[in-house]
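Take a look at the structure below.
Indexing begins at 1, ligand by ligand and atom by atom, following the structure's order.
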Amino acid sequence: MFDIQSDSQVLRQGQFADYSDSFCEPIAMTSAYRFQSAEQAAARFSGAEPGHVYSRFTNPSVHVFEERVALLEVAEGAVAFASGMAALTAVMMAFAESGSNIVCSRDVFGTTLVALRSYFARFGVEVRVVGLMDYAAWEQAIDQQTRLVFVETPSNPMQDIVNIAVLAGLAHAKNALLVVDNTLLTPIMQQPLLLGADLVLHSAGKYMDGQGRCVAGVVCGALPLITPLRGVLRTLGFSLSPMNAWLLLKSLEMLSLRMMQINQSALQLATWLEQQQDVQAVYYSGLKSHPCHELACQQQAGFGGVFSFKAGTDRHDAWVFINALRLISIATNIGDTRSMVTHPASTTHGRLSPEERQQSGISENLVRLSIGLETSDDLIQDLTQALIQMRSARLPHSFSLPQASALASLQC
Ligand code: PLP
């Protein structure tokens, strides 16, 4: 080796290629990879030799995350993306083309519908929207030009559920792929590929991260479907950062424990809320009163941590209730360790037309909760005092707050 100057030395000093003694997976913050020879570089680029090439499409930390998700979803492979919406975009890019159509459930995450209608429709892909549980409408809408059938089950925030096996049958009869957004339940509570779905998509910054630290997406499926998705990633580059992949791959280690705890708390809280005055309805598939409870028990191993309910009678009641919460935070996210509340009509579903909101059951007094890991007794205390304040806000001014609270607590 020839002598190199200190400016050059500082670039080379302390590099280590072998991470094998590190018990915790290292974060591979690298954009490029060193090849042993020009021949090896050529072989890696052509795919003749396996190995990393460039972090737009492969990276060791991202790879570990992908492997773990694939394992949980019982999939042959997975591809990670920068966000859930990037994952959706990649699925569209990989499988739909001008002149084809996508049939999508009406009851999906609001931005999914906006993405389909405002962006993908511009490229000549027709978007057909169908009620989640209207099987006759699915059958009618899916035809030979359908490339993708897209659903979120259970739906957010109403917890409606579609029979995945039945819908897969309808899609496959016309050679279309069924894509299931499994963000709400995670593979711990539902494994759509085992029920006949072709691809499973996640907004991985929700329960997979579980701590609200990053935005990420991932898609799982059989290798013949994963390969074109990696092609889209390689060329269009919606890449997940190694740092976020590392956060996620560590979080997955406790996903099962978190989901079990969250599921238990959510069921307890939903059951409790159902008995409260001024709560008109609770939408949680874990409740026997939910119209999809039986199907949920058949196709899910749990019910998740997101549910909604009607607080009082109008938007004013819902907002007073939300503003009164002290422990539960106002945030339009789901899947954090900390419980969160949101008002869907004015936030997550605010870009839908009033008619669409009505069709999806998003009323002005609907409140959505994402249950975290706080003890359920503390959460019940917070909900109790917020319901009391909601009632107090409705009482005539002559009625003082302490009196109102005392009365309301008797009714609670
Ligand atoms: N799918 C569901 C069910 C979601 O809740 C979200 C976001 O909230 C998305 C997809 C989009 O994911 P991201 O925000 O990671 O782009």
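- When every heavy atom of C220 is checked against every heavy atom of A75, the shortest pair comes out as CB-CB, 3.7 Å.
- Surrounding CD of E49 are more than 12 heavy atoms belonging to other residues, nucleotides or ligands, all under 6.0 Å away.
- The CG atom of L184 sits 10.5 Å away from the NE2 atom of H202 when rounded to the nearest 0.5 Å.
- Applying the salt bridge (charged side-chain N to carboxylate O under 4.0 Å, His left out) definition to pairs two or more places apart or across chains, those involving residues 251-262 are R68-E253, K250-E253.
- Sorted by first and then second residue, the salt bridge (charged side-chain N to carboxylate O under 4.0 Å, His left out) pairs involving residues 199-222 (not counting sequence neighbours) are D209-R213.
- Using a 4.0 Å heavy-atom criterion, the residues that approach ligand 1 are S83, G84, M85, F109, E152, D181, T183, S203, K206, V215, A216.
- Residue pairs that meet the salt bridge (charged side-chain N to carboxylate O under 4.0 Å, His left out) test with at least one member in residues 146-169, sequence neighbours left out, are E97-R147.
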